[in-house]
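Here the structure comes first, spelled out in structure tokens, and everything after it is commentary.
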2 protein chains.
Amino acid sequence: MKCKYAIKALINLAGNYQKGYVHTADIATEENIPKKFLEQILLDMKHAKIVNSKQGSKGGYYLLKNPKEVSVADVYRVFDGAIALLPCVSLNFYEKCDDCKDEKACSLRREFIKIREGSRLVMSKISIQSFLKPNKKLVKK
Amino acid sequence: MKCKYAIKALINLAGNYQKGYVHTADIATEENIPKKFLEQILLDMKHAKIVNSKQGSKGGYYLLKNPKEVSVADVYRVFDGAIALLPCVSLNFYEKCDDCKDEKACSLRREFIKIREGSRLVMSKISIQSFLKPNKKLVKK
DNA sequence: ATATATTCTACTTATTTGATAGAATTTATA
DNA sequence: TATAAATTCTATCAAATAAGTAGAATATAT
């Protein structure tokens, strides 16, 4: 949910990219997200340097980077942590297996790295911009 | 954990493919898995038709299918459910979004299908057999 | 000053996860 | 046929996580 809400919020902010501040309340109503929950989500993304904000009257949130430069992988890592299925194959959230003696020889690790790469690559290629582009329709001859 | 344990157990069973029954207790000690927990895991995989068992003395578990025919995707779905990040893009665990009016027009759905396919393809290609093959070493010239 | 917005901390409730416990059932075999 | 050894089933538990709520604190424009 958090990740889905986050991406919906970012799509909304992308629509207002470089056009000023957007209120949490507006995003909440437009995207059908509980307002108080969205506040937390946006704050998390501020800490992750994906968005920025201004407090007070006429304040609000705005997208820090170009929509092309914000990938689903970036957002996923903020809210769901590692893309990898095992901590020992994670690039950003690595943790050693306590039972594993020799990582280099571990076949579990060897294969799960492939899975991580499959997911990571596709999630890195999809950006907030990707959600804005309308689905291209093929014209029949 | 369940999924990891399950794959370790299957690798163990694959080593005994078509060689008779293997005791849960033996797998538990060899693979360092809590025995009672492993019992549940193996039972789940029996219900999923991945392994089969015989009760009683001289009983135990055995792999039903060729190790090549059991993919990580199969195992994942038993223990973690959908590979897809959103229920509305899942092939095996589909659920409609209650807020979504037009699925075909939903850009979230369009892009998350790509993510599902990325993960699904790589997880379908890796089988229990893949874990048995030793990592090929390149010989230096 | 005041209205309006974000920020921060704490809390609640429900679900999931990892694991344990023990009785019931099945089977081989002595 | 009794018994030992295995799976099967159901229930339970504690800890962690997820989804969401509440309210006070802070910042800012007017």
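Protein chains get the first letters and strands the later ones, always in sequence-line order, with residue 1 at the start of each. For clarity, every value in this text was computed on a predicted model and none was experimentally measured.
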Checklist entry - Does a side-chain N or O from H47(A) land closer than 4.0 Å to OP1 or OP2 of dC8(C), or not? => result yes
Checklist entry - To the nearest angstrom, how far is K35(B) atom NZ from dT8(D) atom P? => result 12 Å
Item to check | d(CG, L43(B); P, dT25(C)) in whole Å | outcome: 16 Å
Checklist entry - Will you find, in the side chains of S71(A) and S124(A), an N or O donor that is under 3.5 Å from an N or O acceptor? => result no
Checklist entry - Quick one: on DNA chain C, does K46(A) or Q40(A) contact a more 5' nucleotide (nearest heavy atom)? => result K46(A)
Item to check | Rounded distance in Å - NZ (K4(A)) to C1' (dA19(D)) | outcome: 13 Å
Checklist entry - Side chains of S53(B) and K46(B): donor-acceptor distance under 3.5 Å anywhere? => result yes
Checklist entry - Roughly how many Å is it from CE in M1(B) to C1' in dT16(C), rounded to a whole number? => result 15 Å
Checklist entry - Relative to the 5' end of DNA chain D, which residue comes earlier, F37(A) or K58(A), by the nucleotide with the nearest heavy atom? => result F37(A)
Checklist entry - Do K36(A) side-chain and dG23(D) base share a donor-acceptor contact under 3.5 Å? => result yes
Checklist entry - D26(B) CG to dA5(D) C1': how many Å, rounded? => result 12 Å
Checklist entry - NE2 of H23(A) versus P of dT6(C): gap in Å, rounded? => result 6 Å
Item to check | Side-chain N,O (K54(A)) to OP1/OP2 (dA29(D)) below 4.0 Å | outcome: yes
Next on the checklist: Just by distance, no angles: are the side chains of N16(A) and Y62(A) close enough, under 3.5 Å, to form a donor-acceptor pair?
Outcome noted: no
Next on the checklist: Over all strands shown, is Y5(A) touching base, sugar-phosphate only, or nothing at heavy-atom distances under 4.0 angstrom?
Outcome noted: sugar-phosphate
Next on the checklist: Rounding to an integer number of Å, can you tell me how far L42(B) CG sits from dC9(D) P?
Outcome noted: 13 Å
Item to check | Phosphate OP1/OP2 of dT8(D): any S53(B) side-chain N/O under 4.0 Å | outcome: yes
Item to check | Rounded interatomic separation in angstrom, taking CG from D44(A) and C1' from dA19(D) | outcome: 13 Å
Next on the checklist: With a 4.0 Å cutoff (strictly under), does any side-chain N or O of S57(A) reach OP1 or OP2 of dA3(C)?
Outcome noted: no
Next on the checklist: Quick check on dA19(D): is either OP1 or OP2 less than 4.0 Å from any side-chain nitrogen or oxygen of K2(A)?
Outcome noted: no
Next on the checklist: Check this for me, if you would: do E111(A) and K114(A) make a salt bridge, where the nitrogen-to-carboxylate-oxygen distance has to be below 4.0 angstrom?
Outcome noted: yes
Next on the checklist: According to a hydrophobic-cluster definition based on side-chain heavy atoms being under 4.5 Å apart (Ile, Leu, Val, Met, Phe, Trp, Tyr only), do F131(A) and Y61(A) belong together?
Outcome noted: yes
Next on the checklist: Starting the side chain at C-beta, find the nucleotide from dA19(C), dA27(D), dC8(C) nearest to Q55(A).
Outcome noted: dA27(D)
